[in-house]
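Data block below; observations after.
Since we're looking at a predicted model, the values are computed, not measured. Labels below follow one simple rule: chain letters A, B, ... track the order of the sequence lines, proteins then strands, and each chain is numbered from 1.
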Amino acid sequence: MSKNLTSRAEDYSKWYNELVVKADLAENSAVRGCMVIKPYGYAIWEKMQAELDRMFKETGHQNAYFPLFVPKSLFEAEEKNAEGFAKECAVVTHYRLQNDPDNEGKLRVDPEAKLEEELIVRPTSEAIIWNTYRGWIQSYRDLPILINQWANVVRWEMRTRLFLRTAEFLWQEGHTAHATKAEALVEAEQMNNVYAEFAENFMAIPVIQGVKTESERFAGAVETYCIEALMQDGKALQAGTSHFLGQNFAKAFDVKFTNNEGKLDYVWATSWGVSTRLMGALIMTHSDDKGLVLPPNLAPSQVVIVPIYKNDEQFDAITEKAEGIIKDLKDLGVSCKFDKRTTHRPGAKFAQHELQGVPLRIAIGPKDIENNTIELARRDTLTKEIVQMGGLAHTIKDLLEVIQDELYNKALNYRDEHITKVDDFETFKKVLENKTGFISAHWDGTSESEQKIKELTKATIRCIPLDNELEEGVCVYSGEPSTQRVLFAKAY
RNA sequence: CGGGGUGUAGCGUAGCCCGGUUAUCGCGCCACGUUUGGGACGUGGAGGCCGCAGGUUCGAAUCCUGCCACCCCGACCA
């Protein structure tokens with residue numbers, strides 16, 4: 001492990017890449033654009049999964065699993081969806097390899113083994129799922145269908161970055177079917193709320209809920225709800241989306257049902273997802289120049305104990321004390337690891353646990369044995385204090401809650417300070433270049449203005465906030481009348 | 001896919017222009033000893049088809065050709 005991380009001020013993107021690798025979260029693999037998620041990174045992802053899965057089930061959803069492959073004829077059925085993803089699809093054309101007669105010891109694709117119909121590796125699963133739902137739905141009594149799947153998908157991206165954009169990524173995708181438009185809309189909004197609640201309460205990442213403009217909308221959706229977060233470098237990151245799909249997929253896959261008036265109608269749909277990209281959001285929201293900073297809710301170990309000793313006798317005394325602390329913490333539902341490795345000295349352990357973002361560190365040495373104390377260090381503030389043993393477990397449990405809240409508030413302050421109201425295009429460009437962050441500005445509602453602004457500034461409309469107040473104004477670019485402000489930013 | 005760049009040990013590198021014995025240095029790794037309240041020190045050691053293939057040459061990490069991979073900047077994107 002090399003000593004120092006590149007600082008954020010020096011090169012934010014280099015800092016991010018180094019942090020992901022050095023904190024042992026993930027690394028690049030032999031497959032272009034695909035990452036290996038290492039045990040420590042995967043443990044954090046599992047924490048996210050567990051909480052999201054709980055929330056999905058609490059809102060009435062069940063898990064299921066659909067195939068990795070989508071026959072091309074199904075994939076192309078919903079035209080807009082197909083068109084939107086066509087440029088980044090991996091395609092299976094053959095099903096067999098054979099020894100290469102011209103190249104000893106090598107394999108080649110058997111030209112005789114061409115598939116009748118190509119299979120698309122799913123970039124998203126609407127097609128295969130809606131084709132399946134057709135067989136499940138005849139009557140309004142079969143509705144709603146509320147299903148989620150945990151899966152991997154492939155989008156053949158040109159340029160990839162660990163967690164933020166990989167060719168293969170892990171995610172969950174919910175796909176629901178409803179009898180009425182109103183019910184589907186409620187579902188799409190509900191799941192966006194679930195995502196917002198998860199991001200804020202669990203990941204300590206403040207988000208803005210909104211809807212996408214037409215050009216940023218999911219291919220095939222009527223409305224795309226989203227949660228947008230702001231990273232420390234002032235760039236926005238779309239952290240989750242929930243789509244109201246209208247009857248587009250029902251029509252494309254001919255999914256009709258008889259309603260309670262005996263009339264035939266197409267089914268209404270939603271889909272919603274978050275991915276391993278949330279790992280990127282987590283890193284870029286809280287971490288610092290010493291490494292990862294994990295909110296207690298997401299830390300694989302919330303507390304780590306580092307022993308400091310000169311001989312076996314001291315180590316035994318420390319171990320006894322540590323085991324007592326671990327037991328008390330476990331009773332309160334706090335996870336704690338005892339780092340008793342003899343192969344590393346305390347300083348190296350301190351540095352490693354800081355790099356990996358363990359929220360609280362306890363150091364116990366001979367002095368602490370003597371005084372009935374421990375040294376308690378906070379990862380988020382990098383402060384440490386000597387604490388008496390009495391009531392330690394409760395002190396720690398409370399402190400973890402404080403840390404969780406403070407991380408959220410810190411991120412919220414940063415975010416709120418980086419929403420700038422702007423009314424003219426010159427200021428727009430200046431704020432984007434110098435201050436960065438979200439810009440709240442009037443927009444005339446046309447794709448043309450949106451496109452022009454993107455070309456000129458690289459900023460896109462991240463969302464039209466849901467809680468927007470209506471306000472008369474003129475478009476920051478065209479000067480045409482506008483009824484509300486929207487949020488612009490450069491985005492990941 | 002366009003424009004630029006880089007490939008030397010696990011990682012970071014020197015050497016390349018101007019070909020010449022055993023390919024440089026640091027980190028990391030291994031062994032032993034001394035250490036342990038913020039990334040220890042000493043001694044010894046292991047590790048290389050110099051991206052791949054071909055060519056020029058008495059001789060190639062170095063020169064030439066082709067290929068591959070990766071990085072940066074664009075276009076695309078959760």
Practice task
Taking only Lys NZ, Arg NE, NH1 and NH2, and the carboxylate oxygens of Asp or Glu, determine whether A/E354 and A/R379 approach each other closer than 4.0 Å.
Solution key: no
Exercise for the section: With a 3.5 angstrom cut-off on both distances, give the Watson-Crick or G-U wobble partner of B/rC50, or none if there isn't one. Expected result: none
Problem - Distance-only donor-acceptor test (3.5 Å): side chain A/R361, base B/rG38 - result: yes
Exercise for the section: Could you tell me whether A/E216 and A/K454 make a salt bridge, using a distance below 4.0 angstrom between a side-chain N and a carboxylate O? Expected result: no
Practice task
In whole angstrom, give me the gap between the C1' atoms of B/rC72 and B/rG19.
Solution key: 32 Å
Handout entry: Protein-nucleotide distance (A/Q451, atom CD; B/rA75, atom P), rounded to Å
Key = 11 Å
Exercise for the section: Sequence neighbours left out, what passes ring-ring contact (aromatic ring centres under 6.0 Å, His included) with A/F69? Give chain and number order. Expected result: none
Handout entry: Atom-to-atom span, CD of A/E83 to P of B/rC76 - whole angstrom
Key = 14 Å
Exercise for the section: Under the side chain to side chain contact (heavy atoms under 4.5 Å, CB included) rule, what do A/L355 and A/L19 come out as? Steps first, then yes or no, please. Expected result: CA-CA 8 Å; A/L355 183 59; A/L19 176 51; 4.2 Å; yes
Give me the distances for all protein-to-nucleotides 71-74 of chain B N/O pairs that come in under 3.5 Å?
| unit_1 | atom_1 | unit_2 | atom_2 | d |
| --- | --- | --- | --- | --- |
| B/rC73 | OP2 | A/R159 | NH1 | 3.4 |
| B/rC73 | OP2 | A/R159 | NH2 | 2.4 |
| B/rG74 | OP1 | A/K458 | NZ | 2.9 |

Exercise for the section: Using only heavy-atom distances, decide whether a donor-acceptor pair under 3.5 angstrom links the side-chain of A/Q352 to the base of B/rG39. Expected result: no
Practice task
Could you verify whether a donor N or O on one side chain and an acceptor N or O on the other, from A/T166 and A/E168, lie under 3.5 Å apart?
Solution key: no
Problem - Pairing partner of B/rU36 (Watson-Crick or G-U wobble, both distances under 3.5 Å) - result: none
Exercise for the section: Please name all residues satisfying side chain to side chain donor-acceptor pair (under 3.5 Å) with A/R415, sequence neighbours left out, ordered by chain then number. Expected result: none
Completion exercise
ring-ring contact (aromatic ring centres under 6.0 Å, His included) filter on A/W156, not counting sequence neighbours, yields none
Exercise for the section: Counting Watson-Crick and G-U wobble pairs only, both distances under 3.5 Å, name the nucleotide matched with B/rA75, or none. Expected result: none
Exercise for the section: Give a yes/no on whether any side-chain N or O of A/R345 is located under 4.0 angstrom from OP1 or OP2 of B/rC41. Expected result: no
Practice task
Quote, to the nearest angstrom, the C1' distance that separates B/rC70 from B/rG54.
Solution key: 23 Å
Exercise for the section: With heavy atoms under 4.0 Å as the rule, sort A/L237 into base, sugar-phosphate or nothing. Expected result: nothing
Practice task
List in numerical order all residues of residues 296-313 of chain A for which some heavy atom is under 4.0 Å away from an atom belonging to RNA chain B.
Solution key: A/I308, A/Y309, A/K310
Handout entry: Value in whole Å for how far the C1' atom of B/rU36 lies from CD1 of A/I369
Key = 15 Å
Handout entry: Side chain of A/A348 - closest among B/rG38, B/rG39, B/rG37
Key = B/rG39
Fill in the blank from the handout: Using Watson-Crick geometry (N1-N3 plus N6-O4 or O6-N4) or G-U wobble (N1-O2, O6-N3), each under 3.5 Å, B/rU43 is paired with B/rA31
Problem - Polar contact flag, side-chain donor to acceptor under 3.5 angstrom, A/H243-A/T224 - result: yes
Exercise for the section: Searching all strands shown, indicate the nucleotide that pairs with B/rG59 (Watson-Crick or G-U wobble; both distances under 3.5 Å). Expected result: none
Exercise for the section: Could you work out the separation of B/rU36 and B/rC41 based on their C1' atoms and round it to a whole Å? Expected result: 12 Å
Would you tabulate the nitrogen or oxygen pairs shorter than 3.5 Å linking the protein to nucleotides 31-33 of chain B?
none

Handout entry: Protein-nucleotide distance (A/H344, atom NE2; B/rG28, atom C1'), rounded to Å
Key = 12 Å
Completion exercise
Note: for A/P366 and A/Y492 on RNA chain B, the residue whose nearest nucleotide lies more 5' is A/P366
Problem - Of all pairs that satisfy salt bridge (charged side-chain N to carboxylate O under 4.0 Å, His left out), the ones with a partner from residues 40-57 of chain A, not counting sequence neighbours - result: A/E51-A/R54, A/D53-A/K57, A/R54-A/E58
Completion exercise
In whole angstroms, the gap separating C1' of B/rU36 from CD1 of A/I318 amounts to 10 Å
Practice task
Could you give the distance separating B/rC52 and B/rC58 at their C1' atoms, to the nearest angstrom?
Solution key: 26 Å
Practice task
Would you kindly check if the NZ (Lys) or CZ (Arg) of A/R155 is within the cone defined by 45 degrees around the ring axis of A/F85 and under 6.0 Å from the six-membered ring centre?
Solution key: no
Completion exercise
The Watson-Crick or G-U wobble partner of B/rA69, with both key distances under 3.5 Å, is B/rU6
Exercise for the section: Check every atom of B/rC76, B/rG37, B/rG38 against the side chain of A/K367 and return the nucleotide holding the closest atom. Expected result: B/rG37
Fill in the blank from the handout: Per the under-4.0 Å heavy-atom filter, residues of residues 222-236 of chain A near RNA chain B come out as none
Problem - P gap between B/rC16 and B/rG3, integer Å - result: 30 Å
Mind listing the side-chain donor-acceptor pairs of residues 187-199 of chain A below 3.5 Å, one per line with the distance, residues two or more places apart or on another chain?
| unit_1 | atom_1 | unit_2 | atom_2 | d |
| --- | --- | --- | --- | --- |
| A/E187 | OE1 | A/Q190 | NE2 | 3.3 |
| A/E187 | OE2 | A/H61 | NE2 | 2.7 |
| A/E187 | OE2 | A/W272 | NE1 | 3.4 |
| A/E189 | OE2 | A/Y225 | OH | 2.9 |
| A/N192 | OD1 | A/C226 | N | 3.4 |
| A/N192 | ND2 | A/Q209 | OE1 | 3.0 |
| A/N192 | ND2 | A/C226 | O | 3.2 |
| A/N193 | OD1 | A/Q209 | NE2 | 3.1 |
| A/N193 | ND2 | A/E189 | O | 3.3 |
| A/Y195 | OH | A/Q172 | OE1 | 2.5 |
| A/Y195 | OH | A/G273 | N | 3.0 |

Practice task
List in chain and number order the residues that pass ring-ring contact (aromatic ring centres under 6.0 Å, His included) with A/Y408, two or more places apart in sequence or in another chain; answer none if no residue qualifies.
Solution key: none
Handout entry: B/rU13 to B/rC71 separation - P atoms, rounded to the nearest Å
Key = 15 Å
Handout entry: Pairwise C1' distance for B/rA46 and B/rG28, with rounding to whole Å
Key = 13 Å
Handout entry: Distance flag, aromatic centroids of A/F428 and A/F488, threshold under 6.0 Å
Key = yes
Problem - Whole-Å P distance, B/rU24 and B/rG38 - result: 38 Å
Practice task
Could you pick out which residue, A/I364 or A/E216, lies toward the 5' side of RNA chain B when each is mapped onto its nearest nucleotide?
Solution key: A/I364
Exercise for the section: Sequence neighbours left out, what passes side chain to side chain donor-acceptor pair (under 3.5 Å) with A/T285? Give chain and number order. Expected result: none
Practice task
Would you classify A/E157 as touching base, sugar-phosphate or nothing, given that sugar-phosphate means primed atoms plus P, OP1 and OP2, and contacts are heavy atoms under 4.0 Å?
Solution key: base
Handout entry: Residues A/D288 and A/K290 bridged, charged N to O under 4.0 Å
Key = no
Handout entry: Spacing between A/Q356 atom CD and B/rG39 atom C1', to the nearest angstrom
Key = 14 Å
Exercise for the section: Give, for atom CG of A/L382 and atom CZ of A/R378, the distance between the pair rounded to the nearest 0.5 Å. Expected result: 10.0 Å
Exercise for the section: Answer with base, sugar-phosphate or nothing: what part of the nucleic acid does A/T342 contact at a heavy-atom distance below 4.0 Å? Expected result: nothing
Exercise for the section: Could you pull out all residues at least two apart from A/F66 that satisfy ring-ring contact (aromatic ring centres under 6.0 Å, His included)? Expected result: none
Practice task
Please give the nucleotide sitting opposite B/rC16 as a Watson-Crick or G-U wobble pair, both distances under 3.5 Å, or none.
Solution key: none
